[in-house]
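Right, one structure below, let's go through it.
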There are 2 protein chains.
Amino acid sequence: MWRLGIVDDKVISQAVVARLPRYYRYLGELKDSGIERISSQDLSTLMKVTASQIRQDFNNFGGFGQQGYGYNVEYLYNEIAKILGLDKSYNLIIVGAGNLGQALANYVNFERRGFIVKGIFDKNPVLYGKELRGIAVQPVEQIERFVRENDIDIAVLTIPKEGAVKAAELLVRCDIKAIWNFAHVDLNVPEGIVVENVHLSDSLMKLSYGIANQ
Amino acid sequence: MWRLGIVDDKVISQAVVARLPRYYRYLGELKDSGIERISSQDLSTLMKVTASQIRQDFNNFGGFGQQGYGYNVEYLYNEIAKILGLDKSYNLIIVGAGNLGQALANYVNFERRGFIVKGIFDKNPVLYGKELRGIAVQPVEQIERFVRENDIDIAVLTIPKEGAVKAAELLVRCDIKAIWNFAHVDLNVPEGIVVENVHLSDSLMKLSYGIANQ
DNA sequence: ACAATCTTGTTAAATGATTGTCAATTCTTT
DNA sequence: AAAGAATTGACAATCATTTAACAAGATTGT
């Protein structure tokens, strides 16, 4: 059962996807320092992973290299960008204008990669109208209308866990494509909606495990 | 070759350690709602992982359960806390008082888990003396003295990547135990010093991969 | 143009992680 | 007190990921 012209229905493991951003970062740095080509062996030394893994990883998406030559840095960089969906632009809203929400709203580098903050929402009236990089905080009641009218792809959830599940349900009803979840709770969304969790306290616990177990 | 009385030189896989905080979270919620015991089967349903994995994971650290009964929630909760090193308290400093550094400094829940912010540092003189939850921002030149005098365990690195490698080297010289690294760069520290990375842009790229690949 | 070198993509082997199974044990009910 | 139900911990089997090996093809220097 083939879909014509579509070859990429191979499932890529999460482990591979999780490594792509790091490849992308190193290739970007190589590109910026004027390096035109690199072999899996040299990249392996630089990144401290095996050359075999690098070749295996890239080959999940097709043959980007050339025998006897290696990989063209800029070409590979651009290909990985496409794989990661970084060749497109995304509209996002921030739900929760607390410290973390404000910090993310003020972080310029996301916009440079095509993640455009279109709206910021909070339930605290004190914050209404407060501007972060030219965008005024709005009441959460406006989310549904705003998402529908402004073609929002991603919601960044930076509210306490108590409200997060309800907020996620609302966002799902608004046909959001993805949720970047900073709330310390597991969201339960329907198939097809992407959830990427950033559980800072989990990360801190892993660190403390590291200290406690030498 | 046995070290007397020390049984725990088995190496625990990163996959297992990474799951512990989530167990800890669910057990905490069960405890708070007054549940005294739970079987791996019920926990499995709740957390959407296999019961086998739960039992296997816990058994890495010893037999916490009882046949025919299951696991005592509070006991297991406390045992996992010990494994994660959450029964101890840690002193930390925040290096970089930008948006993210301030957001983390203001986040109260870390203190509740025993991670105590003792100092905040920045290289920008405009911020010197600015107080975050009663702690004044100091010049980065003070880090070395402060770490040594105040028994600091953890440094939270929330500065741009350009300065992060140098900062990490300084912190290593000060005998810091662990670095919680938010800078978008790989730190190279000697064996025995714990580094836990939070690469937000990597996380955002994984999300965008998810959108791009349905 | 040729030989020596390099380097990929691919397949196979090795390692690691997850899931399934079941005997042994404890709990619960009658 | 005995029988039946429940549930762990351990082991085995399966599945997934990583590493190694190498043939095929490209490059480089002479």
Side-chain angles (χ1 to χ4, degrees), chain A residues 7-23 26-27 30 35-80 83 206 209 213, chain B residues 7-23 26-27 30 35-80 83 206 209 213:
Chain A
V7 192
D8 49 308
D9 41 14
K10 177 163 59 149
V11 175
I12 307 295
S13 87
Q14 270 310 113
V16 174
V17 174
R19 283 193 291 267
L20 291 178
R22 185 156 180 265
Y23 290 132
Y26 274 85
L27 289 165
L30 288 168
I35 312 257
E36 277 178 23
R37 58 185 264 194
I38 192 156
S39 67
S40 58
Q41 188 52 254
D42 290 351
L43 192 55
S44 140
T45 308
L46 191 62
M47 296 185 63
K48 293 175 182 159
V49 297
T50 63
S52 196
Q53 179 165 80
I54 291 174
R55 296 203 296 276
Q56 195 84 282
D57 281 351
F58 292 168
N59 263 88
N60 280 294
F61 306 98
F64 297 140
Q66 201 160 21
Q67 287 160 329
Y69 176 91
Y71 298 88
N72 178 289
V73 170
E74 184 157 11
Y75 174 70
L76 185 55
Y77 178 77
N78 290 329
E79 287 302 310
I80 294 181
I83 293 165
K206 278 199 280 175
Y209 175 89
N213 302 270
Chain B
V7 192
D8 51 308
D9 41 14
K10 177 163 60 150
V11 175
I12 307 295
S13 86
Q14 268 311 112
V16 174
V17 175
R19 283 193 291 267
L20 291 179
R22 185 154 180 266
Y23 290 131
Y26 274 86
L27 288 165
L30 288 168
I35 311 254
E36 277 178 24
R37 59 185 265 194
I38 192 156
S39 67
S40 58
Q41 187 53 253
D42 290 351
L43 192 54
S44 140
T45 308
L46 190 62
M47 295 185 62
K48 293 176 182 159
V49 297
T50 62
S52 195
Q53 179 163 81
I54 291 174
R55 295 203 297 275
Q56 193 87 284
D57 282 350
F58 293 167
N59 263 87
N60 279 293
F61 306 97
F64 298 140
Q66 202 158 21
Q67 287 159 328
Y69 176 91
Y71 298 87
N72 179 288
V73 170
E74 185 156 10
Y75 174 71
L76 185 53
Y77 178 79
N78 290 329
E79 286 302 309
I80 294 181
I83 293 165
K206 279 199 279 175
Y209 175 90
N213 302 270

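As the structure is a computational prediction, the values presented were derived from the model and not from experiment. Numbered from 1 within each chain, the chains take letters A, B, ... in sequence-line order.
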**OP:** Give one of base, sugar-phosphate or nothing for Y71(A), where a contact means two heavy atoms less than 4.0 Å apart.
**Re:**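 The residue Y71(A) makes sugar-phosphate contact but no base contact.
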Could you measure the distance from the [atom1] atom of [X] to the [atom2] atom of [Y]? Nearest 0.5 Å is fine.
X      : Y       : atom1 : atom2 : answer
I38(A) : I54(A)  : CD1   : CD1   : 8.0 Å
F64(B) : N78(B)  : CZ    : CG    : 11.0 Å
I12(A) : N213(B) : CD1   : CG    : 8.0 Å

Original post:
Nucleotide by nucleotide, 5' to 3', does protein get under 4.0 Å of the base (B), only the sugar-phosphate (S), or neither (-) in nucleotides 20-30 of chain C, counting heavy atoms?
Top reply: BB--BBBSS--
**OP:** Applying side-chain contact (heavy atoms from CB on, under 4.5 Å), name anything that partners S52(A), two or more places apart in sequence or on another chain.
**Re:**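 Result, side-chain contact (heavy atoms from CB on, under 4.5 Å) vs S52(A): T50(A).
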For [X], check side-chain hydrogen bond (donor to acceptor under 3.5 Å, both in side chains) against everything at least two apart and list the hits.
X      : result
S44(B) : none
E79(B) : K82(B)
S39(B) : none

Subject >> Opening and closing nucleotides of DNA chain D in contact with chain A, under 4.0 Å to non-hydrogen atoms >> reply: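 First and last nucleotides in contact are dT17(D) to dT28(D).
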Original post:
What is the bend of the helix from dA1(C)-dT30(D) to dT30(C)-dA1(D) when you compare the axis at one end with the axis at the other, using five pairs each and rounding to 10°?
Top reply: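 Rounded to the nearest 10 degrees, the bend comes out at 30°.
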Subject >> Separation of atom CD1 in I38(A) from atom P in dC6(C), rounded to whole Å >> reply: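 In whole Å, dC6(C) P and I38(A) CD1 are 16 Å from each other.
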Subject >> Protein-nucleotide distance (L76(A), atom CG; dT8(C), atom C1'), rounded to Å >> reply: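 To the nearest whole Å, that distance equals 13 Å.
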Without placing hydrogens or testing angles, list every side-chain donor-acceptor pair under 3.5 Å for residues 16-23 of chain A, not counting sequence neighbours.
from   : atom 1 : to      : atom 2 : distance (Å)
R19(A) : NE     : D57(A)  : OD2    : 2.7
R19(A) : NH2    : D57(A)  : OD1    : 3.0
R19(A) : NH2    : D57(A)  : OD2    : 3.4
R22(A) : NE     : D186(B) : OD2    : 2.8
R22(A) : NH1    : M47(A)  : O      : 3.4
R22(A) : NH2    : M47(A)  : O      : 3.0
R22(A) : NH2    : D186(B) : OD2    : 2.9
Y23(A) : OH     : D57(A)  : OD2    : 2.5

Please output the side-chain donor-acceptor pairs of residues 70-77 of chain A that fall under 3.5 Å, not counting sequence neighbours, one pair per line with the distance.
from   : atom 1 : to     : atom 2 : distance (Å)
N72(A) : OD1    : E74(A) : N      : 3.1
N72(A) : OD1    : Y75(A) : N      : 2.8
Y77(A) : OH     : Y24(A) : OH     : 3.2

Original post:
Can you pull the salt bridge (charged side-chain N to carboxylate O under 4.0 Å, His left out) pairs that have at least one residue in residues 36-48 of chain B, sequence neighbours excluded?
Top reply: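 Residue pairs with at least one partner in residues 36-48 of chain B: there are none.
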